[in-house]
Amino acid sequence: MSSRLPNLQSTWDEILSEIRKSVNPHRFNTWLRPTRQEKLESGTLVISVPDPELQQVGEKFRPQIEQAIRRLHLDGTVARVEVVLTSRPAAESVEAAPAAAPTAAPVQKKLEFDTGSLKPEYTFATFVVGGSNQFAHAAARAVAEKPGRTYNPLFLYGGVGMGKTHLMHAIGHQTKALGRPLRIEYVTAEDFTNEMISHLRHDSMIAFRDRYRSVDVLLIDDIQFIANKERIQEEFFHTFNALHGAGKQVVISSDRPPRELSQLEERMRSRFEWGLTADLQPPDLETRTAILMEKSQLERTKHPHTLELSPAVAEFLASKIKSNVRELEGAMIRLLAYCALKGLPVTIATAEEALKNLLNQQQRKLDIEIIAKAVAESFNLRVADLKTRNNSQHIVFPRQVAMYLTRQLLDASLPEIARFFGGKHHSTVIHSIRKIEQERRVNQALARTLAHLSEQLR
């Protein structure tokens, strides 16, 4: 019997290893990691779980289990999987748990540092620092050095592709590199929401709360996703309080600062401002060029046959594509692929040919629509939002910025601006222009935003 046990046990281990490749690490650790193989007889693989809440695992992961069995060519060995509640004491089901004396206290499962959700390429070493993100980068490094003791919470905000997610992953990697036995969880607000809904459906909220409230560093991305979700906000509010009260580090990212998240509860917004708020602005030409060179080097490290991007071509791309770093990186990848497939050198001439349609879009004639689109993208809105009668602050302020830039860059008439932005009275346009003009003199972040948008549009 003992000679067969390792082989029997390895069957479920092999299946788990295959499933792990395609399942969110948090879901894997919650649902699948506690399972154990009991036996394999007559085509029936019996696995055990230590908690009644986990008995849904077979049904919940049926497609992944069946797919893993096919991929491992176990179809002829495993016909069905049965889940049973373990009859062993909880202490015995813990991985590598030491034998305990009869009078010993139950063995607690050791919390482990899980880096499965951290992207290996997102480190401080690969983050390009410039004037637009220098402050946020310094704050992130300080948090990674002393989690829970410096800037707690740290709130990062900025537009799409500005580097928020990169910094969050870098914090996780740096904290691990310093050798601290801390548990770190990176999760998007969307995944947090979906996991909570799943646990609510299966009446397993205790497991959900235990995991998130026992971490040492919680990195939660795109918090704006939970806007208007009252039950999710309530749960995250208590999770935040539990962690912050215990001196654990919380890092949050969003597309806008806390005060502009009007669809989140006031008590939550106020807590987000307890620590440090740092913004990431669109990078200037030099930083965009450096980002492309860094990205090119990383691609060549992973794929040595990738064509090399010269500084001249990188600067050319950075000068033409200003709106979004991800779009800029996408243009580089498209250019390198185009040259590789056609056997052409990577030059400015081939860049103009390969990216002709994209560059033409970047160079079209400036008008109010283009200005409104650039402002809307900068604030993660739609142009339609700027034209509505919505007077929420997160709409009004970008609208005022758009009116100001339209007047500065086009010298359009007040009635023309008023008509475009939802038929406002021209006095509203005057007030908006004056307000932005006054605020930019005392608000450096706004001044940088205006300067970047002006450079992008000219």
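- Under a 3.5 Å cut-off, the side chain of Thr175 and the backbone N or O of Ile171 do form a donor-acceptor pair.
- Once rounded to the nearest 0.5 Å, the distance linking CG of Leu200 with CE of Met196 reads 4.5 Å.
- A distance of 8.0 Å separates CD in Glu327 from CD in Glu377, rounded to the nearest 0.5 Å.
- Under the 3.5 Å distance criterion, the side-chain polar atoms of Ser310 are matched with a main-chain donor or acceptor of Val313.
- Rounding to the nearest 0.5 Å places NE2 of His137 at 11.5 Å from CG of Leu156.
- With sequence neighbours excluded, no residue forms a ring pair (Phe, Tyr, Trp, His ring centres under 6.0 Å) with Phe225.
- For Gln393, the CD atom counts as densely surrounded, since its 6.0 Å shell holds more than 12 non-hydrogen atoms of other residues, nucleotides or ligands.
- Partners of Gln444 according to the side chain to side chain donor-acceptor pair (under 3.5 Å) rule, which considers only residues two or more places apart in sequence or in another chain, do not exist here.
- Across Leu219 and Leu118, no two heavy atoms sit closer than the pair CD1-CD2, 4.4 Å.
- The salt bridge (charged side-chain N to carboxylate O under 4.0 Å, His left out) check on Lys248 picks up Asp216, with sequence neighbours excluded.
- Residue pairs that meet the salt bridge (Lys or Arg N to Asp or Glu O under 4.0 Å) test with at least one member in residues 268-281, sequence neighbours left out, are Glu266-Arg269, Asp279-Arg448.
- Leu450 is listed as a side-chain neighbour of Leu405, based on a closest heavy-atom distance under 4.5 Å.
- No salt bridge links Glu121 with Lys119; every basic N to acidic carboxylate O contact stays at or beyond 4.0 Å.
- Summarising the geometry, atom CG belonging to Leu307 is positioned 9.0 Å from atom OG belonging to Ser296; distances are rounded to the nearest 0.5 Å.
- Between the side chains of Glu234 and His238, at least one donor N or O lies within less than 3.5 Å of an accepting N or O.
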Begin with the C-alpha distance, continue with both residues' side-chain angles, and end with the deciding distance and a verdict on side-chain contact (heavy atoms from CB on, under 4.5 Å) for Ser253 and Ile223. CA-CA 6 Å; Ser253 85; Ile223 197 65; over 6 Å; no
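- Aromatic ring centroids of His173 and Tyr122 lie 6.0 Å or more apart.
- Considering only heavy atoms from C-beta on, Asn133 stays 4.5 Å or farther from Met162 through its side chain.
- Checking side-chain atoms of Lys164 against main-chain N and O of Gly158 turns up a donor-acceptor pair under 3.5 Å.
- A donor-acceptor pair under 3.5 Å links the side-chain atoms of Gln233 to the main chain of Ile226, judged by distance alone.
- The stretch residues 146-163 participates, sequence neighbours left out, in no salt bridge (Lys or Arg N to Asp or Glu O under 4.0 Å) pair at all.
- Residues Pro147 and Leu182 share a closest heavy-atom pair of CG-CD1, 3.9 Å.
- With a 6.0 Å radius and a threshold of 12 heavy atoms from other residues, nucleotides or ligands, Arg201 has its CZ atom at or below the threshold.
- With values rounded to the nearest 0.5 angstrom, Thr388 atom OG1 is found 8.5 Å from Arg382 atom CZ.
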Determine, stepwise, if the pair Phe155 / Leu276 fulfils side-chain contact (heavy atoms from CB on, under 4.5 Å). CA-CA 6 Å; Phe155 192 100; Leu276 180 67; over 6 Å; no
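- Considering only heavy atoms from C-beta on, Leu261 comes within 4.5 Å of Gln224 through its side chain.
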Checking Val143 against Gln249 for the side-chain contact (heavy atoms from CB on, under 4.5 Å) test, could you report, in this order, the C-alpha distance in whole Å, the side-chain angles of both residues, the deciding distance, and whether it holds? CA-CA 8 Å; Val143 164; Gln249 180 68 51; 3.5 Å; yes
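- For the pair Ala139 and Leu154, the tightest heavy-atom approach, listed with the atom from each and the gap, is CB-CD1, 3.9 Å.
- Taking the centre and axis of the six-membered ring of Phe379, the NZ or CZ atom of Arg256 falls outside the cone set by 45° and 6.0 Å.
- For His244, the ring pair (Phe, Tyr, Trp, His ring centres under 6.0 Å) partners at least two apart in sequence or on another chain are Phe240, Trp274.
- Of all heavy-atom pairs between Ala402 and Phe421, the closest is CB-CZ, 3.6 Å.
- Residues meeting the ring pair (Phe, Tyr, Trp, His ring centres under 6.0 Å) test with Phe192, sequence neighbours left out: Phe208, Tyr212, Phe236.
- Residues passing the salt bridge (charged side-chain N to carboxylate O under 4.0 Å, His left out) test with Lys229: none are found, sequence neighbours excluded.
- Residues Leu453 and Ser378 share a closest heavy-atom pair of CD2-CB, 4.1 Å.
- Listed by chain and number, the residues in a salt bridge (charged side-chain N to carboxylate O under 4.0 Å, His left out) with Arg209 are Glu235 (sequence neighbours excluded).
- In this structure, Glu185 and Val217 have side chains that are not in contact, with every pair of non-hydrogen atoms separated by 4.5 Å or more.
- Using a 3.5 Å distance cut-off with no hydrogens or angles, the side chains of Thr165 and Asp221 do pair a donor with an acceptor.
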Go through it in stages, so that I can follow the logic: the residues are Ile220 and Thr188, the test is side-chain contact (heavy atoms from CB on, under 4.5 Å), and I'd like the CA-CA distance, side-chain angles, deciding distance and then a yes or no. CA-CA 5 Å; Ile220 184 157; Thr188 65; over 6 Å; no
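- In this structure, Ser204 contributes its side chain and Ala207 its backbone to no donor-acceptor pair below 3.5 Å.
- Checked against side chain to side chain donor-acceptor pair (under 3.5 Å), Thr193 has no partners two or more places apart in sequence or in another chain.
- Atom CD of Glu352 sits in a crowded spot, with more than 12 heavy atoms from other residues, nucleotides or ligands closer than 6.0 Å.
- Looking at Arg399 and Ser432, their side chains never bring a donor and an acceptor atom within 3.5 Å of each other.
- Counting heavy atoms from C-beta outward, Val401 and Thr449 have side chains that stay 4.5 Å or more apart.
- Of the N and O atoms on the side chains of Glu315 and Thr289, not one donor lies less than 3.5 Å from an acceptor on the other residue.
- Rounding to the nearest 0.5 Å places CE of Met268 at 8.5 Å from CD1 of Ile252.
- Applying the salt bridge (charged side-chain N to carboxylate O under 4.0 Å, His left out) rule to Glu437 yields the partners Arg440, Arg441; only residues at least two apart in sequence or on another chain are considered.
- With a 4.5 Å cut-off on side-chain heavy atoms, Leu285 and Ser319 count as touching.
- In terms of modelled atom types and a separation under 3.5 Å, the side chain of Ser254 and the main chain of Asp222 share no donor-acceptor contact.
- For the side chain to side chain donor-acceptor pair (under 3.5 Å) with Thr126, the qualifying choice from Glu294, His166, Gln297, Lys295 is His166, the only one to do so.
- Listed here is the closest heavy atom pair of Ala351 and Leu335: CA-CD1, 3.5 Å.
- In this structure, His169 and Tyr186 have tilted ring planes: the angle between them lies in the 30° to 60° band.
- Using a 4.5 Å heavy-atom cutoff, the side chains of Thr277 and Phe272 are not in contact.
- Tyr151 meets the ring pair (Phe, Tyr, Trp, His ring centres under 6.0 Å) test with no other residue; sequence neighbours excluded.
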